[in-house]
Structures are given as C-alpha cells and as structure tokens.
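Bear in mind that the values here come from a model prediction, so they are computed numbers and not experimental data.
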Amino acid sequence: MSSHLVIVESPAKARTIEKYLGKDFKVLASYGHVRDLVPKEGAVKPDEGFAMRYDVIERNKKHVDAIEKALKKADALYLAPDPDREGEAIAWHLLELLRERNALKGKQVYRVVFHEITKSAIKKAIEDPREISAELVNAQQARRALDYLVGFNLSPLLWKKIQRGLSAGRVQSPALRMIVERERDIEAFEPQEYWSIDAEADKDGQGFQAKLTEYQGEKVKQFSITNGEQAQEVEAKLKAAANGALKVAKVEKKQRKRNPAAPFTTSTLQQEASRKLGFGAQRTMRLAQQLYEGLDLGEGATGLITYMRTDSLALAGEAVSEIRDVIKQRYGSENVPEAPRTYRTKAKNAQEAHEAIRPTSAARTPDSLKQVLDRDQFRLYELIWKRTVACQMVHALFNTVGVDLACGPGNTFRATGSVLVEPGFIAVYQESYDDKKADDDEDKLLPPLEEGETVTLQQLITEQHFTEPPPRFTEASLVKTLEEYGIGRPSTYASIISTLQNREYVEMDRKRFFPTDVGKVVNDFLTKHFTRYVDYDFTAKLEDELDAVSRGEKDWIPLMQDFWGPFHERVEDKEKSVSREEAVQARDLGTDPKSGRPVSVRWGRFGPFVQIGTKDDEEKPKFAGLRPGQKIDNVELDEALALFNLPRELGETPEGEPVQANIGPYGPYVKYGRKFASLGEEDDVYTIKLDRALEIVAEKKKADAERIIHDFKDEGIRVLKGRFGPYVTDGNKNVSVPKDQEPKDLTLPQCREMIANAPEKKGRFGRRKKAGKKAASKKTTKKTAKKKASKKKAGKKKSAKEKAAKKKKTGKKQAVKES
C-alpha cells in the first residue's frame with residue numbers, strides 16, 4: 001500500500017516522478033483540468049457575486065474516479081500540477097471535487113511545486129510543501145470568468161449582426177486589431193523616392209565603399225536627394241570636386257563590446273524558435289512540454305529542461321555554477337566571466353516561475369542526446385542549451401574603424417569596417433531579429449588608412465530607393481509586440497494565435513499574418529462599437545489588475561464588477577441600436593451603368609458579396625459572391641460588375657449543342673446541351689474561351705463513353721460503370737448489377753426486368769417524410785385510442801357512481817318506508 005498519493009497533470013510526468021520517489025509514493029495524472037465552467041449561458045452569475053457553475057470535464061471523469069479510488073489507500077495527498085495559475089487552479093478544482101465526494105476524511109493535503117523534473121527538485125518539493133494559494137486561484141478564476149463573460153456576450157452579438165460561428169475574445173480581439181491595423185497601414189502607405197550616392201575607392205589594390213554623409217556643408221539625410229535629376233547633378237559636382245581621388249580627413253579606431261542575450265522566457269523562446277527553426281508558437285510549446293516532462297535516456301524518463309511557461313530571467317545558483325564549469329571545459333577559462341551574469345526581467349509580473357527556461361543539466365550536451373531525441377526535439381533542446389550557455393559567457397569584442405574621406409570642400413564620404421577580434425559568446429550563440437537588415441559593417445575589412453593620405457576614386461554609385469511599408473507580423477514579431485504591450489501572458493500567446501487562425505480571421509502567407517475579410521469586418525465592428533475593450537492599454541491594465549490579484553494586492557470581485565457593469569450595458573445597447581447593415585459596413589463602389597442603381601460590396605451570412613441596388617428599391621437587389629482572391633477592401637467597380645456576367649454564352653459544340661460557363665453549388669462548370677463538366681483549377685469561369693471549353697467537353701464525353709458498357713438508346717436504358725460497381729439505369733432508377741452477372745452480357749429484356757423489379761426511387765426527403773407521416777399517424781392513432789380508453793374509463797366510473805347513488809337513494813327510501 002502506497003502511503004502517499006501525488007497528482008500531476010500528465011502521465012509522462014507521472015511515470016518520471018514515480019521513478020524518483022520510490023515505492024511509498026503512487027503518482028497519478030489528472031490529464032489537465034478536471035472541471036470547467038458549464039458550457040452554456042449562466043455559468044457565471046454576476047448578480048450572485050460572480051458565482052460560477054463548474055462541472056467535471058467528461059473526458060477526465062475516469063481519471064478523477066481513479067484518483068478518488070487510490071486516495072482511499074493513502075494517508076496523504078500531494079497536489080503537484082504546474083507552478084503557475086493554471087496549475088494552482090487544477091489543484092484547487094481537484095481538491096474541491098474530492099471534498100464534495102467526502103474523499104478527504106483523515107487525509108493530509110499538501111501543495112508541492114517544482115520547476116524542473118529532476119530527482120533533487122522533486123524530493124526537495126515533497127519535503128517543503130505549502131498550502132494552495134487562494135490568490136493564484138482567484139486570479140485564474142477571475143481571468144476565466146472575464147473570458148467567459150466576454151465570449152458569451154460578444155460572440156452571440158456577432159452572430160446576429162454579422163455571421164454565425166464568429167467569436168470575440170478579451171485578448172484575442174486586441175491581437176486581431178494589431179494585425180488589421182498593420183494591414184491598413186500597409187494599404188495606406190505611399191512609397192517615397194530617395195537616392196543614395198556611394199564612392200567605390202581603392203588603396204593599393206584593396207577596394208572598399210564609402211557613403212556620402214555631407215554635401216556642400218550640409219548633412220546628407222535619407223530624403224536629401226529625392227529624384228534622378230538631382231542625383232545626377234550631385235554626382236557630376238562630386239566627380240568634378242574629387243578629380244579621381246579622395247583625401248583621408250579623419251580616422252577613428254574603437255573597440256566595441258557585445259553582450260550575450262538573456263536566457264529564454266516563454267516569449268523569447270517562441271520568437272527565436274520561429275526565426276531560427278521555423279516553428280510556430282504551438283509547435284514550440286508542444287516540444288518544450290515533451291522536453292520538460294521527460295524522455296527516456298536509457299534509464300527511464302528524465303526531464304531535460306525547466307518549466308517552459310515563465311517570464312523570469314533568473315537562473316538557480318547551482319545551475320549557473322554547472323554552466324560555468326561546462327564553459328571552462330568546452331571553450332576555455334578565458335570565456336568564463338569573473339562574476340556570473342545576472343539578468344533583470346522587464347515583465348511586470350514575473351513571480352510565478354522562479355527560473356528562466358534552461359537545461360536541467362548543462363553537462364547534458366545536445367550531441368549526447370542526438371540519438372535519443374527526434375529531429376524537432378533535438379533542434380529545440382540545442383537552441384535552449386546554446387542560449388543558456390552563451391548567456392554566462394564573456395562578451396564578444398570587435399575592432400571598429402570609421403574613416404571620413406573628403407571630396408572637395410564641404411563634401412564627405414564615410415567608410416566603416418568591423419572585425420571580430422574575440423568571439424566570446426558568439427562562438428556558441430547569436431540572437432536573431434525580425435525585419436532587421438544585416439549589419440553592413442559586420443566583418444568588413446578596410447585597408448590601413450592614415451589621415452592626410454589620398455585614395456583612388458574608382459567610381460560613384462548612384463542608386464534609386466523607395467521607402468518600404470511597415471512589415472506584416474510574423475509569429476515572432478506578434479508575440480514580441482503582445483508582450484511589449486502587456487497583452488496576454490506567456491501561456492496564452494500560442495492559443496491566441498491558433499484561435500485567430502482557426503476562426504479564419506487571419507491567414508499565413510510566407511510566414512506573415514494577413515487578415516481575412518471576415519477578420520477585418522469583425523475587427524471594425526469591435527473597434528467601432530467596443531473601442532474600450534479592444535484598446536491595448538485597457539487590455540494591458542486588466543492584465544496588471546489580474547496580476548495584482550495573484551499577488552494578493554487586490555480583491556477579484558470588485559475587479560469583476562468594474563468590468564461587468566459598463567460592458568454589459570454596452571452589449572445591450574449595441575444589440576438594439578446597431579443594425580446588421582451598419583455592422584457589416586458595406587463599401588460603395590459606384591453606379592451600375594445599365595440600371596443606374598448603386599453597387600456595393602459587403603459581408604453576408606455566407607461570405608463576401610457584391611450587391612446591385614438596395615432593399616428599398618422596387619426591383620429586388622442582385623447579388624454575386626466574390627471570386628477567390630478578391631477582397632472587400634480592394635475590389636473595384638468593373639471587377640464587381642463582371643461577377644454578374646454569368647452564365648456566359650460561349651458558342652456551340654461541333655454537334656450543335658449550346659455551351660455555357662457558369663458557377664453552381666459544386667463550383668464552376670461548362671454546360672453543353674443538358675450535360676455538365678466541371679472546370680479545372682487553372683480555368684477561370686469569367687475568362688474561359690470556347691476552344692478551352694470544348695477541350696473540357698471532349699474530355700468529359702470521353703470519360704462518359706468509357707463508363708458506358710451498353711447503351712439501349714431506343715429504350716433510354718444504359719449499363720454503366722459506377723463508383724460502387726456496374727449498374728443499370730433508365731434515368732429514374734439505378735439498379736446494381738449482381739456480382740455473379742457479367743455486365744457486358746446483359747440483354748435489353750434482362751435490363752427491363754431488373755428496373756421493373758427495383759423499388760421506386762425515393763426523393764431526398766421521401767423516406768424521412770413517409771416515416772414522419774407514419775410516425776405521426778401512429779401517434780395520432782395512439783392518442784385517439786388513449787382518448788377513447790380514457791372516455792370509456794370515465795364513463796364506467798360515472799356509471800358506477802350513478803349506480804351507487806341510486807342504490808343509496810333507494811336504500812334511504814326503503815328505510816323511511818319501513819320506519
């Protein structure tokens with residue numbers, strides 16, 4: 001019998017920890033959260049102090065039952081989910097469930113926390129337990145309640161005003177706003193022309209380049225030269241002033257230090273894994289979870305990294321000592337700084353996890369694990385290991401040189417070069433950046449130059465440039481921006497991104513986020529009517545208040561009240577005051593030249609479409625859906641009107657059948673006579689010509705001919721090859737050919753007989769309708785029978801009562817008579 005029961009979240013973690021703790025401990029998994037708010041309206045009751053209705057998560061009920069059963073044989077319960085708010089909430093919910101089941105009588109209950117799955121960390125946590133933190137639980141409950149109230153109030157409003165199936169979230173909506181606003185900035189961007197002039201110089205056969213930094217006594221800025229004519233004029237004057245040579249006016253030599261980046265937090269790990277490995281946030285977190293929970297290294301599962309949901313930059317003293325030893329052994333003592341490096345977090349609430357993400361043992365090098373880890377696990381572990389080791393190494397040292405070259409009075413070119421002298425941490429790891437051009441001066445060598453000497457001017461290079469719009473967000477840059485604004489927390493970034501993609505509010509193209517039409521419509525509606533709730537500062541302030549709850553500095557109920565009152569009023573007001581027309585924000589395109597009616601593009605219940613006319617016109621409006629690739633924001637009038645040009649008459653087949661191009665329920669097609677042929681992916685229904693349409697028709701006819709086994713044209717009966725085998729058809733009935741019958745041997749009389757014996761073909765809803773009528777008839781019959789039986793019973797009762805009354809009356813008369 002195990003005297004101690006330990007509960008963790010995952011079975012992989014359970015196996016690892018049970019191995020460390022020994023036979024006196026049984027370790028079971030809760031498989032994540034054990035209960036959640038009931039998934040319907042009324043789960044959070046603002047009028048009752050934000051009371052919450054929880055229910056056991058169905059898929060985890062069996063695990064709770066197993067925990068309850070095991071607890072009967074144990075003296076003590078150790079709750080050991082993850083060391084964050086979610087983990088604290090899991091422990092609390094499980095405790096509440098067991099309390100409701102009266103399973104805790106006579107049991108000691110402890111909360112234990114560890115940040116790495118190693119033998120020493122686990123044993124230390126068991127020896128030093130604590131109670132469940134009410135503050136962390138309250139913060140998690142408040143977050144869950146806020147998200148629920150926003151979702152269950154805003155989402156139905158979006159269904160009514162825009163389209164069913166849409167959703168809005170407290171943190172997801174500001175993130176969507178970021179992506180949409182960036183896209184609008186790009187669309188509104190107007191490139192500006194500017195020119196640069198570089199000098200290509202030479203000294204003793206070694207060429208180098210210098211940039212024009214001063215012209216006629218004035219500093220050259222980005223827009224100093226704005227067109228080609230000006231550039232040619234400046235170039236001509238510089239050539240004349242130089243006369244084939246440039247004079248070295250000034251030489252500056254410096255040493256520059258570059259320090260290593262801090263160890264990984266959740267956010268920076270997601271960013272670097274995206275940049276260096278091409279991993280999405282979800283993929284990164286899934287792999288990190290596997291490394292944290294442990295993998296079999298030959299002697300059972302071993303946790304390889306510390307807890308991966310953290311915004312702390314601290315490293316344990318023991319870990320730092322081991323890292324310094326590893327650096328000394330592998331890279332030499334000269335690469336170990338005199339004192340360990342420490343890093344201060346910029347995050348506002350970094351108390352929940354005590355350490356940054358690091359290997360549980362720096363001595364466990366990536367190469368030593370290559371045979372054990374799969375490719376993705378190895379790449380992520382290597383990234384974490386390198387970043388952790390590099391953060392405790394000495395700085396990198398560069399020799400930099402800056403040279404000013406005079407080109408006549410008041411004209412200066414500047415050349416810069418940089419040479420890596422001592423690599424330091426760069427020997428192990430260099431941080432990556434989004435949308436940052438490589439440093440042109442990095443590792444660029446200049447020839448030895450002395451003030452006063454001259455160098456040969458080989459040529460002037462004049463180049464035209466245009467300013468570029470701000471870049472679209474990558475996963476890495478979006479996570480970084482969310483973190484900078486204080487929106488969400490480390491554990492939420494992956495789910496924010498996946499929700500935006502799953503709802504089809506954004507698309508990824510070349511690893512960049514593009515908002516979809518529906519994403520823009522939803523964002524515009526929320527930004528216009530719920531401005532405060534998608535405001536970056538408001539969202540960040542709410543996160544700060546939740547953090548204050550987690551620290552015990554603020555009560556969660558007043559926080560909820562402050563949010564709920566104004567929010568609920570706003571929802572009720574917008575439900576009444578905003579029409580669907582206003583919500584979808586139609587864009588006017590112009591006037592239809594044929595009818596003189598207005599043309600607009602908007603979002604409908606089934607997607608984006610163009611409309612000719614309005615609902616107030618005598619004639620009904622005309623509608624046409626946008627083509628793939630067309631967007632509400634950029635479709636033009638002529639493109640919109642072309643959508644109404646269907647069906648298109650293309651001509652005739654050689655047999656005289658009329659040919660049309662059109663779009664149907666199953667996509668674009670060509671119609672020839674009374675038959676249809678689907679267009680290929682490369683074909684456009686709006687531009688397809690007759691010759692291509694005839695090719696498609698010919699291919700269809702050939703395919704149809706290959707399907708025909710027999711064609712009894714006079715009778716309209718055919719034997720065909722079908723998806724599920726050969727069959728006989730007269731156009732109304734389809735009859736499968738028996739397996740023991742050779743289809744090509746079937747005669748016309750046999751086909752007639754098969755069709756005659758086949759049951760009548762039912763309509764799409766025929767069987768259901770007939771069954772419904774039958775059931776209704778049966779129900780009516782039963783009802784009538786029940787009614788008759790009831791009347792009969794009532795009649796019998798009445799008759800019996802009447803007889804009894806008559807008998808009683810007769811008895812009384814007889815008694816009087818006798819008296």
Side-chain angles (χ1 to χ4, degrees), residues 4-21 25-34 67 74 76-96 98 107-141 143 263 265-266 285 288-289 291-294 301-319 345 347 349-360 489-491 546-547 549-552:
H4 307 290
L5 178 63
V6 181
I7 307 301
V8 293
E9 286 172 85
S10 77
K13 197 191 298 185
R15 289 190 292 271
T16 306
I17 292 172
E18 192 165 79
K19 180 191 72 173
Y20 292 149
L21 291 176
F25 288 83
K26 184 173 182 61
V27 186
L28 293 178
S30 69
Y31 288 78
H33 278 278
V34 292
I67 290 167
L77 175 65
Y78 291 85
L79 298 167
D82 288 340
D84 56 15
R85 289 180 204 172
E86 293 299 315
E88 206 72 18
I90 290 169
W92 178 76
H93 280 299
L94 180 58
L95 198 60
E96 289 294 298
L98 294 173
K107 313 290 182 185
Q108 292 291 323
V109 179
Y110 305 103
R111 169 75 166 121
V112 295
V113 171
F114 42 82
H115 296 84
E116 60 182 70
I117 303 178
T118 59
K119 194 170 185 176
S120 58
I122 302 300
K123 288 194 170 182
K124 188 178 178 183
I126 294 291
E127 290 166 5
D128 188 22
R130 61 168 172 80
E131 293 182 352
I132 286 178
S133 166
E135 292 82 5
L136 289 178
V137 172
N138 288 341
Q140 193 277 339
Q141 281 208 103
R143 178 188 289 277
T265 62
T266 304
M285 296 309 289
Q289 183 84 33
L291 296 173
Y292 167 67
E293 290 183 352
T302 303
L304 298 178
I305 64 169
T306 53
Y307 191 54
M308 65 287 162
R309 290 187 180 90
T310 174
D311 46 16
S312 170
L313 295 176
L315 293 174
E318 291 177 7
T345 182
N349 190 46
Q351 88 290 349
E352 288 181 6
H354 298 163
E355 282 200 78
I357 303 168
R358 63 166 175 83
T360 52
R489 285 296 178 258
S491 59
L546 288 169
D547 292 343
V549 172
S550 75
R551 295 190 296 267

Could you go through E86 and H33, starting from their C-alpha distance and side-chain angles, then the distance that decides it, and tell me whether this counts as side-chain contact (heavy atoms from CB on, under 4.5 Å)? CA-CA 8 Å; E86 293 299 315; H33 278 278; 2.8 Å; yes
Within the 6.0 Å centroid threshold, strictly below: H115 and Y307: no
Between [X] and [Y], is any pair of side-chain heavy atoms under 4.5 Å apart?
{"X": "M285", "Y": "R309", "answer": "yes"}
{"X": "V6", "Y": "I122", "answer": "no"}
{"X": "E88", "Y": "Q140", "answer": "no"}
{"X": "N138", "Y": "Q141", "answer": "yes"}
{"X": "R15", "Y": "V8", "answer": "no"}
{"X": "I7", "Y": "L77", "answer": "yes"}

How would you list, by chain and number, every residue that makes a side-chain hydrogen bond (donor to acceptor under 3.5 Å, both in side chains) with E116, sequence neighbours excluded? T118, R358
Nearest heavy atoms of [X] and [Y], plus distance in Å:
{"X": "S550", "Y": "L136", "value": "CB-CD2, 3.8 Å"}
{"X": "L79", "Y": "V109", "value": "CD1-CG1, 4.0 Å"}
{"X": "F25", "Y": "L21", "value": "CD1-O, 3.6 Å"}
{"X": "Y20", "Y": "G303", "value": "OH-N, 4.2 Å"}
{"X": "M308", "Y": "I357", "value": "O-CD1, 3.6 Å"}
{"X": "I126", "Y": "V112", "value": "CA-CG1, 4.1 Å"}

Any chance you could measure [X], atom [atom1], to [Y], atom [atom2], to the nearest 0.5 Å?
{"X": "I132", "Y": "E96", "atom1": "CD1", "atom2": "CD", "value": "8.0 Å"}
{"X": "E9", "Y": "Q289", "atom1": "CD", "atom2": "CD", "value": "7.5 Å"}
{"X": "F114", "Y": "D128", "atom1": "CZ", "atom2": "CG", "value": "13.5 Å"}
{"X": "S120", "Y": "E318", "atom1": "OG", "atom2": "CD", "value": "6.5 Å"}
{"X": "E355", "Y": "L315", "atom1": "CD", "atom2": "CG", "value": "6.0 Å"}
{"X": "I17", "Y": "S10", "atom1": "CD1", "atom2": "OG", "value": "8.0 Å"}

So, [X] side chain and [Y] main chain: donor-acceptor pair closer than 3.5 Å or not?
{"X": "T266", "Y": "T310", "answer": "yes"}
{"X": "R111", "Y": "P81", "answer": "yes"}
{"X": "T306", "Y": "A356", "answer": "yes"}
{"X": "E18", "Y": "V27", "answer": "yes"}
{"X": "T16", "Y": "E293", "answer": "yes"}

With Y110, which residues qualify under ring-ring contact (aromatic ring centres under 6.0 Å, His included), at least two apart? Y78
Heavy atoms of other groups near K124 NZ, more than 12 under 6.0 Å: no
Could you tell me which residues satisfy side chain to side chain contact (heavy atoms under 4.5 Å, CB included) with E135, sequence neighbours excluded, listed by chain and number? S133
Would you mind checking if D311 and R489 are paired as a salt bridge, meaning a charged N to carboxylate O distance below 4.0 Å? no
Pair L313-T265, side-chain contact (heavy atoms from CB on, under 4.5 Å): steps then yes or no: CA-CA 7 Å; L313 295 176; T265 62; 3.4 Å; yes
